[in-house]
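By convention in this document, chain letters (A, B, ...) are assigned in the order of the sequence lines, proteins followed by strands, and residues within each chain are numbered from 1.
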2 protein chains.
Amino acid sequence: MANQGKKKFRTSKQRNRMLQLLRATDSHPTADWLYEELKKEFPRLSLGTVYRNLSLLIDMGLVKKIHFGSTFDRFEANTAPHYHLICERCGKIIDFDLPVYEDIIEDAKQRTTFTIHFHRIEFFGTCENCGRASQVNI
Amino acid sequence: MANQGKKKFRTSKQRNRMLQLLRATDSHPTADWLYEELKKEFPRLSLGTVYRNLSLLIDMGLVKKIHFGSTFDRFEANTAPHYHLICERCGKIIDFDLPVYEDIIEDAKQRTTFTIHFHRIEFFGTCENCGRASQVNI
DNA sequence: GTCCGTGCAAAAGCTTTGCAGCCTT
DNA sequence: AAGGCTGCAAAGCTTTTGCACGGAC
């Protein structure tokens, strides 16, 4: 999605400030938060511009979207702790029966003031099918 | 969100089949997939019912939603690999500067046919603030 | 009989997109 | 001058909710 590096970028005040803002905060902002902040400086700013610029910044590799992977919720009846393998191409999600790394949790608990209840690990990559397909380079 | 265990549940054919379906598949279905599947059996089924039942099943602890945490996307300019601490109460996300567990990745790579590009670990719990607040039991 | 679950439809919430004009190169 | 970027508004998509009726207990 978005443009795969084929387009030329121009600079814009809005996008520059947006990147500055993102770099100055560690609160993992939402698009709306950025919108409200930037509107102080650009009163006519529109949300569309925020989203478009976020998309561009991600294309440029300067920003990451955190909860990507799927635009809609997914559900599972496997309530036992387990990890996930997610294919970046076809979106397939596979249960990954790895041993639960207890020592990681212990390690983590000692390094934060958070009360940790559980953790989640997701591995992103390409599945066998999509891996073969990539040889052809669609 | 939803009812916190205060309500009594009745059974329903729709919900029973939904749980069966979820247990019989490992494809981590979306609400819409469930809707399409169940409509074969319940032609008048509505999407609203699917969502409501998913919510109930989650309350009952029989089903998990995978991509929860935030209903909207979040962005960050910290492109270096790092993990996240997420507060289940206030939704706050904090960068967690843990060492990257290289051995986990190696271990994982050997146990799958996936080509793994990167991984993500999220720790869920309650932050210091919310932890204190919980004493009061809102 | 009570009141939970359902279908239907409308609404809500976040994100994307079409268009005409402005700004960067 | 060319074409990316912007504001505005409308549309899109997933999820939630109000309402009246039917079903479980």
Side-chain angles (χ1 to χ4, degrees), chain A residues 1-21 28-60 62-75 91 93, chain B residues 1-21 28-60 62-75 91 93:
Chain A
M1 13 214 95
N3 44 269
Q4 309 286 353
K6 301 187 175 184
K7 194 167 63 173
K8 286 180 184 169
F9 300 113
R10 293 184 180 170
T11 63
S12 91
K13 289 171 190 164
Q14 289 89 332
R15 189 159 66 236
N16 284 342
R17 285 293 291 130
M18 191 176 304
L19 183 54
Q20 265 187 285
L21 248 181
H28 309 78
T30 62
D32 195 63
W33 184 88
L34 289 166
Y35 174 59
E36 292 300 335
E37 285 299 309
L38 289 167
K39 214 157 60 172
K40 297 172 186 167
E41 195 165 338
F42 307 95
R44 327 211 54 172
L45 183 68
S46 86
L47 249 181
T49 298
V50 173
Y51 279 106
R52 272 184 293 230
N53 276 330
L54 281 169
S55 196
L56 290 180
L57 289 170
I58 290 172
D59 280 355
M60 298 171 176
L62 300 175
V63 165
K64 290 197 296 186
K65 189 193 277 195
I66 298 186
H67 276 268
F68 69 52
S70 178
T71 62
F72 27 64
D73 293 334
R74 283 166 170 276
F75 304 86
I93 301 181
Chain B
M1 31 203 76
N3 44 268
Q4 308 287 351
K6 301 187 176 184
K7 195 168 59 173
K8 286 179 184 168
F9 299 114
R10 292 181 182 172
T11 63
S12 91
K13 289 170 190 164
Q14 289 88 334
R15 188 160 65 237
N16 284 343
R17 284 293 293 130
M18 191 176 302
L19 182 55
Q20 265 187 283
L21 250 180
H28 309 79
T30 62
D32 195 63
W33 185 88
L34 289 166
Y35 174 61
E36 291 300 336
E37 284 301 308
L38 290 167
K39 212 156 62 173
K40 297 172 185 168
E41 195 166 338
F42 308 95
R44 326 212 54 171
L45 183 69
S46 86
L47 248 182
T49 298
V50 173
Y51 279 106
R52 272 183 292 230
N53 276 330
L54 280 169
S55 196
L56 290 181
L57 288 170
I58 290 171
D59 279 355
M60 299 171 175
L62 299 174
V63 165
K64 290 196 297 185
K65 188 192 277 195
I66 298 186
H67 274 268
F68 69 52
S70 179
T71 62
F72 27 63
D73 293 334
R74 283 166 170 276
F75 303 86
I93 301 180

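In this model, the phosphate group of D/dA24 is not approached by any side-chain N or O of B/Ser12 to a distance below 4.0 Å at OP1 or OP2. In terms of phosphate contacts, B/Ser55 brings no side-chain nitrogen or oxygen within less than 4.0 Å of OP1 or OP2 of D/dT16. The phosphate of C/dG7 has OP1 or OP2 within less than 4.0 Å of a side-chain N or O from B/Gln14. The phosphate of D/dG7 has OP1 or OP2 within less than 4.0 Å of a side-chain N or O from A/Thr49. Listed pair B/Arg44 / C/dT6 fails the phosphate criterion, with no side-chain N or O lying under 4.0 Å from OP1 or OP2.
Under 3.5 Å, the side chain of B/Arg10 and the base of D/dG22 form no donor-acceptor pair of N or O atoms. Counting atom types as modelled, B/Arg52 pairs a side-chain N or O with a base atom of D/dG18 as donor and acceptor under 3.5 Å.
When the C1' atom of D/dC5 is taken as reference, atom NZ of A/Lys8 falls 16 Å away, rounded to whole Å. Taking atom CD on B/Glu36 and atom P on D/dT14, their separation rounds to 12 Å, with Å as the unit. Rounded to whole Å, the distance from CG on A/Asp59 to P on D/dG4 is 14 Å. Protein atom CZ of A/Phe42 is 18 Å distant from nucleotide atom C1' of D/dC8, rounded to whole Å. Rounded to a whole Å, the OH atom of B/Tyr35 is 15 Å from the C1' atom of D/dC13. Look at CG on A/Leu54: it is 15 Å from C1' on D/dT6, rounded to the nearest Å. Counting to the nearest Å, the C1' atom of D/dT6 and the CZ atom of A/Phe9 are 17 Å from each other. A straight line from CG of B/Leu47 to P of D/dT17 spans 15 Å, rounded to a whole angstrom.
In this structure, the nucleotide among C/dT25, D/dC5, D/dG7 sitting nearest to the side chain of A/Leu45 is D/dG7. In the set D/dC8, C/dT25, C/dG5, C/dG5 carries the atom at the smallest distance from any side-chain atom of B/Arg15. Among the nucleotides D/dG7, C/dC8, D/dC5, the one closest to any side-chain atom of B/Ser46 is C/dC8.
Residues A/Lys13 and B/Asp32 each lie close to DNA chain D; by heavy-atom proximity, the contact nearer the 5' end of the strand is made by A/Lys13. Comparing B/Asn53 and A/Ala31 against DNA chain C, the residue whose closest nucleotide sits nearer the 5' end is B/Asn53.
Closest heavy-atom contact between A/Ala31 and A/Leu47: O-CD2, 4.3 Å. Annotation for B/Met60 and B/Phe9: closest pair CE-CG, 3.3 Å, computed over non-hydrogen atoms.
Contact of the A/Met18 side chain with the A/Leu54 side chain is registered, since non-hydrogen atoms from C-beta on lie closer than 4.5 Å.
Side-chain atoms of B/Arg15 never come within 3.5 Å of backbone atoms of B/Arg52 as a donor-acceptor pair (strictly under, hydrogens ignored).
Sorted by first and then second residue, the salt bridge (Lys or Arg N to Asp or Glu O under 4.0 Å) pairs with a member in residues 29-40 of chain B read B/Glu37-B/Lys40; sequence neighbours excluded.
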